[in-house]
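Below: the structure, in structure tokens.
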Amino acid sequence: MPIVMSSDVDSEEELLELYASGKLKPGLNIPVEEDKVFINNVNGIKEAIASFQSSLPWSERLDIVAEAAPLAPELSMEITEQQQFLKAGKIDEVALNDFKRETMFHRQAQSAVMRGIELLRKHNIPTHRPEDYFAEMFKSDEHMQKVRHALLQRKTALEQTEKVRRIRQEKKLAKEKQVAAIQEKHKQKRELNENIKKFRKGLRNDLDFLETDSGKKNKKKDDGGDKKKNLTRSQHKRKGKDTKYGFGGKKRGMKGNTTESTFGGSGKSNMKGKNKGRIAKKKRMSSKH
Amino acid sequence: MAKKGLKRKQKTEVVKKEDEAKVILPLVRRSDEPVTKKAKWVNRERVLVFGTRGISFQHRHLMKDIIKMLPHAKSANKMERKENLFVVNEMCKMSHCNKCILFDGRLQRDLYMWFSNSPDGPSIKFNVESIFTSAELKLTGNCLKGSRPLLSFDNSFDAHPQYSLLREMFVQIFGVPDHHPKSQPFVDNVLNFSVLDNRIWFRNYQILDENGAIAEIGPRFVLQPIRIFKGSFCGETLWENPFYVTPAKTRRLLKDSKKDKYANNKIQRKAKKTKELLAPFRVKPENEIFRDGNVKEKAKHLISKNK
């Protein structure tokens, strides 16, 4: 209960008096602040408006009271939600959410434009600036250049991140594919070994599994043969050299002679590339006789 | 560039003059009679826009933006804080302005804005929040400097008397007079005022085409009305905002909310530690019975549990 004191300083006598009358009770007493009354002089405001209101026609004022413009149907659900928030007094939901707030203002301005353009046409006020009309703009060209640059930068940054993400995804996929292939290979090998074991133990009588496998392999080889035809000249040469000198493996003592190279093998292969003497001379001599 | 604009204007005037030529003039006219001009520039509104010492760079930039938007604005030197605000009326009179926007900055931190109808009121004091000048916003819209804007108002400007007063004030201050020499003849932007959360949100959009496509230009700011006075920088208060909290108080509340963080943390840690220390003694429910009273109830509870 608020107690009105004669002065700010609590005098002893006053307190005793209050206590005697029963207004003051033992214990902690907290002073209660009076509620502040906020002035709202409606008549005064109306008078003030009337006192300074301009009597100019609309073409001088260009003011429009506008409600938010209707949106596309797919977005309208979100908007009704917004209005519900506003009706329910959850103003913070809209006021503190940047996107919701800005769309609200944007739509209000949009509807104002749509109504305003009609009115402007009625009053013969031009809205469209001709292409050849140049004048100083509100924002300088320098600033607009900056804006354009910032937009471009944002766009390129987005593209870059998109690219990196795509590459990462591709790499991931490739690795998965590789792992799957290796596992498949292991599986085939395991199956083959199991079948062989079964055959050895006598659990299996036929060797079909080998045939199917070898068949597959032969097919593969055939494919390789087809490929051989398609080789370029240099690749062909390389293959020949690989078969001759070997590819990988031990390099030591490869070029040295062996018993086979000296004595064995067909003469043709041995004589290949070597001078067999001047045939032309023999021919010449024989033709002389 | 300005020349081109002028040429165009002259052309339009010529066309108009041909129309006017059809008006039949009086047959007799005195030679020293001044020629009556048909004034196109009817709305002779002039706005004095200036600040006090104590506005920050951002507030100054906002002021510059507003001056740029209003071709009928006049700027003045910064005012000393010591002077009484009533002096502003004198200043307006000196510079032939009948409206005034005063940027009242405090400690280069808080900004208050006064909108006033100069000699005889009313005047309104606002607190300005969340300021973004057109330079710091990277928005794609742009419009002619000094073109006449459409002024779009929210529904609530009609609903409440205090807001309708604000609306009238905004119309008179932000509305660019028709045929003002510094203005452009095209309407290519919208100034949007909407009421949300007991504040007035200001946005500036460019009209891209006539179907309602718009792009924002900037600046952005939020006006929180504090008081409406009957006179210009004086007089009785007509309205007071019950929701207004001073920026200093909001800062203090924010600080106060963080005040007890350390102490609370300490207390919590201590409580946790004692709980951990006591944990081994709380194994036996028989002992628990005798802790802090209510022995009978606890016994009953235990028995019911055993059943």
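Order of the sequence lines fixes the chain letters, A, B, ..., with proteins taken first and strands second; residue numbering starts at 1 for each chain.
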Between atom [atom1] of [X] and atom [atom2] of [Y], what is the distance when rounded to the nearest 0.5 Å?
{"X": "A:S140", "Y": "B:K68", "atom1": "OG", "atom2": "NZ", "answer": "6.0 Å"}
{"X": "A:E60", "Y": "B:W41", "atom1": "CD", "atom2": "CH2", "answer": "11.0 Å"}
{"X": "A:N40", "Y": "B:L238", "atom1": "CG", "atom2": "CG", "answer": "9.5 Å"}
{"X": "B:S134", "Y": "A:H143", "atom1": "OG", "atom2": "NE2", "answer": "6.0 Å"}
{"X": "B:F202", "Y": "A:F105", "atom1": "CZ", "atom2": "CZ", "answer": "12.0 Å"}
{"X": "B:E210", "Y": "A:E118", "atom1": "CD", "atom2": "CD", "answer": "11.0 Å"}

Would you mind telling me which of [options] has the largest number of heavy-atom pairs within less than 4.5 Å of chain B?
{"options": "A:V113, A:N41, A:L119, A:I39", "result": "A:I39"}
{"options": "A:G116, A:G44, A:P126", "result": "A:P126"}
{"options": "A:K46, A:K146, A:R115, A:H128", "result": "A:H128"}
{"options": "A:A66, A:S59, A:A112", "result": "A:A66"}

Contacting moiety of [X], where chain A heavy atoms sit under 4.5 Å:
{"X": "B:N117", "result": "side chain"}
{"X": "B:D120", "result": "neither"}
{"X": "B:I207", "result": "side chain"}

### Query
Regarding B:Y205 and A:Q110, is there a side-chain donor-to-acceptor distance under 3.5 Å anywhere?
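Looking only at side-chain atoms, A:Q110 and B:Y205 do not form any donor-acceptor pair under 3.5 Å.
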Could you check whether any side-chain heavy atom of [X] comes within less than 4.5 Å of a side-chain heavy atom of [Y], counting everything from C-beta outward?
{"X": "A:V42", "Y": "B:Q162", "answer": "no"}
{"X": "B:L139", "Y": "A:V147", "answer": "no"}
{"X": "A:I64", "Y": "B:L151", "answer": "no"}
{"X": "A:M114", "Y": "B:N211", "answer": "no"}

Please state whether the side chain, the backbone, both or neither of [X] comes within less than 4.5 Å of a heavy atom of chain B.
{"X": "A:L151", "answer": "side chain"}
{"X": "A:R121", "answer": "side chain"}
{"X": "A:E102", "answer": "both"}

So, does A:Q108 use its side chain to make a donor-acceptor pair with the main chain of B:F193 at under 3.5 Å?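 Yes, A:Q108 side chain to B:F193 backbone: donor-acceptor pair under 3.5 Å.
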- Query: Any donor-acceptor pair under 3.5 Å linking the side chain of B:N142 with the backbone of A:K139?
  - Reply: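 Present.
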Check whether more than 12 heavy atoms from other residues, nucleotides or ligands sit under 6.0 Å from atom [atom1] of [X], and answer yes or no.
{"X": "A:E170", "atom1": "CD", "result": "yes"}
{"X": "A:R154", "atom1": "CZ", "result": "no"}
{"X": "A:F38", "atom1": "CZ", "result": "yes"}
{"X": "A:H149", "atom1": "NE2", "result": "no"}
{"X": "A:N193", "atom1": "CG", "result": "yes"}

Top contributor to chain A interface from [options] [non-hydrogen pairs under 4.5 Å]:
{"options": "B:T140, B:L137, B:D188", "answer": "B:T140"}
{"options": "B:A135, B:G175, B:A213, B:G212", "answer": "B:G212"}
{"options": "B:N189, B:D158, B:V190, B:I217", "answer": "B:I217"}
{"options": "B:K138, B:R199, B:R167, B:Q172", "answer": "B:Q172"}
{"options": "B:L144, B:D178, B:V176", "answer": "B:L144"}
{"options": "B:S194, B:S147, B:G146, B:S164", "answer": "B:S194"}

Looking at every heavy atom in both [X] and [Y], which two are closest together, and how far apart are they?
{"X": "B:L165", "Y": "A:A48", "answer": "CD1-CB, 3.8 Å"}
{"X": "A:A135", "Y": "B:Q184", "answer": "CB-NE2, 3.4 Å"}
{"X": "B:I214", "Y": "A:A109", "answer": "CD1-CB, 3.5 Å"}

Discussion item. Please list all pairs meeting side chain to side chain donor-acceptor pair (under 3.5 Å) that have one or both residues in residues 217-240 of chain B, counting only residues at least two apart or in different chains.
Written reply: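 Residue pairs with at least one partner in residues 217-240 of chain B: A:K36-B:E240, B:N89-B:S232, B:S116-B:S232, B:E216-B:R220, B:R227-B:T237, B:R227-B:E240.
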Using a heavy-atom cutoff of under 4.5 Å, enumerate the residues of residues 49-57 of chain A that contact chain B, numbered in order, or state 'none'.
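A:I49, A:F52, A:Q53, A:S54, A:L56, listed by number.
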- Task: Name, in order of residue number, those residues of residues 172-179 of chain A that have a heavy atom at a distance of less than 4.5 Å from a heavy atom in chain B; otherwise write 'none'.
- Result: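 Residues qualifying by a heavy atom under 4.5 Å from chain B are absent, so none.
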TODO: Take A:L120 and B:L150, measure what side chain to side chain contact (heavy atoms under 4.5 Å, CB included) needs, and give me the verdict at the end.
DONE: CA-CA 10 Å; A:L120 287 172; B:L150 280 174; 4.3 Å; yes
The criterion is ring pair (Phe, Tyr, Trp, His ring centres under 6.0 Å); which residues satisfy it with A:F138, sequence neighbours excluded?
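Applying ring pair (Phe, Tyr, Trp, His ring centres under 6.0 Å) to A:F138 gives none.
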*Would you mind checking if A:E136 and B:K182 are paired as a salt bridge, meaning a charged N to carboxylate O distance below 4.0 Å?*
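Salt bridge: no.
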